[in-house]
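This report refers to the structure that appears directly beneath it.
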Amino acid sequence: MLRAALAELAAGLGGVALFAAAGAGLVELLGLRRLGLGPRLGYAYLLGVAWVAGGLYAGSHLFELPLNRTSTLALAALPGLAGLASYALRAWRGRARPPRVRSRPPLAVVLAVAVGTVVTLGLLAEALGNPLTDWDGRMTWASQARYLRAAGTVDAPVLLK
């Protein structure tokens with residue numbers, strides 16, 4: 001039981017790292033490296049999720065890209081390696097470190113982060129204390145996820161009929 005829980009935890013953290021690595025490359029390529037570490041990590045994760053999930057959906061739908069581990073890793077590696085190459089080129093030219101920008105965030109940003117943190121912690125507490133038990137959600141979405149996984153495409157034949 002503990003081994004299965006640790007394996008699931010490792011898989012979840014690996015997924016977060018995969019998205020963050022892909023997004024870190026996009027952060028480098030988009031020139032967002034002057035931001036502080038926290039905002040860079042936030043942008044990296046969100047950009048990575050958008051890149052990988054959007055790329056897999058578009059690739060599967062438009063080009064019949066199979067939804068498997070190989071295509072996921074390849075799609076995530078593209079911006080990661082491009083960002084690493086961009087960083088190495090800047091380092092070789094002697095401009096690897098961006099100038100430090102130190103400023104206090106505006107009050108509106110601090111309040112938005114505080115409200116977002118409270119809402120997120122509330123949702124987390126609710127999810128941990130009262131897990132999903134509805135039949136409709138599990139019946140509908142879990143079965144559709146199984147169809148997509150079995151077909152290896154977002155255009156599963158069983159969903160197109």
Side-chain angles (χ1 to χ4, degrees), residues 4-90 98 105 109 112-161:
L6 289 176
E8 190 170 332
L9 176 67
L13 292 175
V16 170
L18 177 80
F19 292 135
L26 292 170
V27 165
E28 174 70 26
L29 294 172
L30 293 173
L32 300 174
R33 59 187 166 270
R34 287 192 169 95
L35 296 173
L37 179 62
R40 268 198 328 260
L41 288 175
Y43 278 116
Y45 180 75
L46 293 175
L47 287 170
V49 168
W51 173 268
V52 175
L56 285 172
Y57 182 85
S60 177
H61 185 67
L62 299 174
F63 307 111
E64 297 180 10
L65 178 73
L67 297 178
N68 58 25
R69 186 174 299 169
T70 304
S71 57
T72 302
L73 292 175
L75 191 61
L78 286 173
L81 293 174
L84 191 60
S86 172
Y87 179 80
L89 183 62
R90 278 190 314 106
V109 171
V113 169
V115 169
T117 301
V118 168
V119 169
T120 300
L121 289 175
L123 290 172
L124 177 63
E126 172 67 21
L128 292 175
N130 187 17
L132 179 68
T133 56
D134 72 316
W135 171 250
D136 183 52
R138 287 180 185 255
M139 179 186 70
T140 303
W141 300 112
S143 61
Q144 287 187 0
R146 287 187 190 105
Y147 295 148
L148 296 181
R149 183 174 177 107
T153 178
V154 296
D155 295 323
V158 70
L159 299 176
L160 298 176
K161 293 179 180 181

Task: salt bridge (Lys or Arg N to Asp or Glu O under 4.0 Å) contacts touching residues 21-32 (sequence neighbours left out) - done: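 Only Glu28-Arg33, Glu28-Arg90 qualify under salt bridge (Lys or Arg N to Asp or Glu O under 4.0 Å).
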
Open item on the list: Enumerate the salt bridge (Lys or Arg N to Asp or Glu O under 4.0 Å) contacts for residues 60-81, please, sequence neighbours excluded, ordered by first and then second residue.
Closed with: none

Open item on the list: For Pro39 versus Gly36, what's the shortest heavy-atom pair and its separation?
Closed with: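 Scanning both residues, the minimum pair turns out to be CD-O, 3.3 Å.
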
TODO: Would you name the heavy atoms of Arg40 and Leu35 that are closest together and state the gap between them?
DONE: NH1-O, 2.7 Å

With sequence neighbours excluded, what pairs up with [X] under the side-chain contact (heavy atoms from CB on, under 4.5 Å) test?
X      : answer
Val118 : none
Leu41  : Leu37
Leu56  : Val52, Leu65, Leu67, Ser71, Thr72, Leu75
Leu29  : Ala82, Ser86

Task: Pairs satisfying side chain to side chain donor-acceptor pair (under 3.5 Å), at least one member in residues 44-60, at least two apart - done: Ser60-Thr153

TODO: May I have all residue pairs that pass side chain to side chain donor-acceptor pair (under 3.5 Å) and include part of residues 14-25, sequence neighbours excluded?
DONE: none

Listed pairs under 3.5 Å, donor-acceptor, residues 13-22 side chains, sequence neighbours left out:
none

Please tabulate, one pair per line, all N/O donor-acceptor pairs under 3.5 Å involving side-chain atoms of residues 119-128, not counting sequence neighbours.
residue, atom, partner, partner atom, Å
Thr120, OG1, Gly116, O, 2.7
Glu126, OE2, Asn130, ND2, 3.2

